[in-house]
Asker: 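Here you go, one structure.
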Number of protein chains: 2
Amino acid sequence: MESKVMSIGVVCELTGLSERQIRYYEERKLVFPARTKGGNRRYSFEDVQKLQEIHQKMQEGFNTFELKEIISPKTKRCAPAYR
Amino acid sequence: MESKVMSIGVVCELTGLSERQIRYYEERKLVFPARTKGGNRRYSFEDVQKLQEIHQKMQEGFNTFELKEIISPKTKRCAPAYR
DNA sequence: CGTGTAAGGAATTCTGACACG
DNA sequence: CGTGTAAGGAATTCTGACACG
């Protein structure tokens, strides 16, 4: 499910993360929720999954900079080693 | 997806129905959204699908009473004709 | 019967900032 | 760096009612 339909409150419940954490991960360019005309965030189930991966990795010691490479969009993810 | 995660606004966008229509179908016992602690409705993708079926049938001339039998929960849906 | 609407209130979310570290 | 929090405002949703029919 890639449709952006959940408000941040629901995502908090599903992930156990705080609004602050979720918004911060967005600030660090790790997740990209859609926005309503009014400016409210809308997340997909994929986003929820990604957020959980992010939190998981952070508990393992990674910082948001490193995560940007690990939890990257699938398209870039499997790029072959150039050279 | 049976998880109740969407607010009524998103459901309106997905179905093209008005909030009024959606709430009315609930009043007629055709859909059963979950509620947040604060009282806000939360719908699942199944609910969205059911709402579309309801609207479809209504345009075909059925009223909410008749629909309660047609668009019934799957468990009751295939009940064998008794007698 | 089914749906639109204005009304007033309440729940939810938003941003920018201060704080700690 | 990552996250908590109080602050003030704005968007979203809620209920009950009047309206038409």
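Letters A, B, ... are given to chains in the order of the sequence lines, protein chains preceding strands, and every chain is numbered from 1.
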Asker: Side chains of A:Glu60 and A:Gln56: donor-acceptor distance under 3.5 Å anywhere?
Answerer: yes

Asker: For the base of C:dT15, is there a side-chain donor-acceptor partner from A:Arg23 under 3.5 Å away?
Answerer: no

Asker: Check whether any side-chain heavy atom of A:Ile22 lies under 4.5 Å from a side-chain heavy atom of A:Cys12, and answer yes or no.
Answerer: yes

Asker: Figure out the CZ/P separation between B:Arg35 and D:dT13, and round it to whole Å.
Answerer: 13 Å

Asker: With side chains defined as the heavy atoms from C-beta onward, is the minimum distance between B:Arg41 and B:Lys4 less than 4.5 Å?
Answerer: no

Asker: I'd like to check the side-chain hydrogen bond (donor to acceptor under 3.5 Å, both in side chains) partners of B:Glu66; sequence neighbours left out, ordered by chain and number.
Answerer: none

Asker: Passes side-chain contact (heavy atoms from CB on, under 4.5 Å), A:Leu51 versus A:Val11? Steps please.
Answerer: CA-CA 9 Å; A:Leu51 282 166; A:Val11 178; 3.6 Å; yes

Asker: What is the distance from CZ of B:Arg41 to P of D:dC14, rounded to the nearest Å?
Answerer: 4 Å

Asker: C:dG2 C1' sits how many Å from B:Lys57 NZ, rounded?
Answerer: 19 Å

Asker: So which heavy atom on A:Ser7 is nearest to which on B:Arg42, and how close?
Answerer: OG-NH2, 3.9 Å

Asker: Give the rounded distance in Å between these two atoms: CZ of B:Arg20 and P of D:dC18.
Answerer: 13 Å

Asker: Please examine the side chains of B:Thr64 and B:Glu27, heavy atoms only from C-beta on, and report whether any two atoms are closer than 4.5 Å.
Answerer: no

Asker: Distance alone, cut at 3.5 Å: any donor-acceptor contact between the side chains of B:Glu53 and B:Gln49?
Answerer: no

Asker: Quick one: stems for DNA chain D, with Watson-Crick or G-U pairs under 3.5 Å, at least three in a row?
Answerer: C:2-5 with D:17-20, C:17-20 with D:2-5

Asker: What side-chain donor-acceptor pairs closer than 3.5 Å can you find for residues 30-40 of chain A, not counting sequence neighbours?
Answerer:
{"unit_1": "A:Arg35", "atom_1": "NH1", "unit_2": "A:Gly39", "atom_2": "O", "d": "2.7"}
{"unit_1": "A:Thr36", "atom_1": "OG1", "unit_2": "A:Gly38", "atom_2": "N", "d": "3.3"}
{"unit_1": "A:Thr36", "atom_1": "OG1", "unit_2": "A:Gly39", "atom_2": "N", "d": "3.3"}
{"unit_1": "A:Thr36", "atom_1": "OG1", "unit_2": "A:Asn40", "atom_2": "N", "d": "3.0"}
{"unit_1": "A:Lys37", "atom_1": "NZ", "unit_2": "B:Glu13", "atom_2": "OE2", "d": "2.4"}

Asker: Hey, which of these two, B:Lys37 or B:Met58, hits DNA chain C nearer its 5' end, going by closest nucleotide?
Answerer: B:Met58

Asker: Provide, to the nearest angstrom, the distance between the OH atom belonging to B:Tyr43 and the C1' atom belonging to D:dT13.
Answerer: 10 Å

Asker: Start at the 5' end of DNA chain D and walk down; is the nucleotide closest to A:Thr64 or to B:Arg42 reached first?
Answerer: A:Thr64

Asker: Give, ordered by number, those residues of residues 24-31 of chain B having at least one heavy-atom distance below 4.0 Å to an atom of DNA chain C; if nothing qualifies, reply none.
Answerer: B:Tyr24, B:Tyr25, B:Arg28

Asker: I'd like to check A:Phe45 versus A:Glu2 (side-chain heavy atoms, cut-off strictly below 4.5 Å). Are they in contact?
Answerer: no

Asker: Apply side-chain contact (heavy atoms from CB on, under 4.5 Å) to B:Met6 and B:Leu14, showing your working.
Answerer: CA-CA 10 Å; B:Met6 292 176 269; B:Leu14 265 46; 3.7 Å; yes

Asker: Do A:Ile54 and A:Lys50 pass the side-chain contact (heavy atoms from CB on, under 4.5 Å) test, and can you show the C-alpha distance, the side-chain angles, and the key distance before you say yes or no?
Answerer: CA-CA 6 Å; A:Ile54 292 169; A:Lys50 185 181 283 189; 4.1 Å; yes

Asker: What parts of residues 4-18 of chain A reach DNA chain C, counting only heavy atoms under 4.0 Å away?
Answerer: A:Ser7, A:Ile8, A:Gly9

Asker: Expressed in angstrom and rounded to an integer, what is the separation of A:Asn40 atom CG from D:dA10 atom P?
Answerer: 14 Å

Asker: Donor-acceptor check, side chain of A:Thr15 to backbone of A:Leu17, threshold 3.5 angstrom: yes or no?
Answerer: yes

Asker: Is there side-chain contact between B:Lys57 and B:Phe62, with heavy atoms separated by less than 4.5 Å?
Answerer: yes

Asker: Atom pairs, N/O to N/O, protein against nucleotides 7-9 of chain D, distance under 3.5 Å?
Answerer:
none

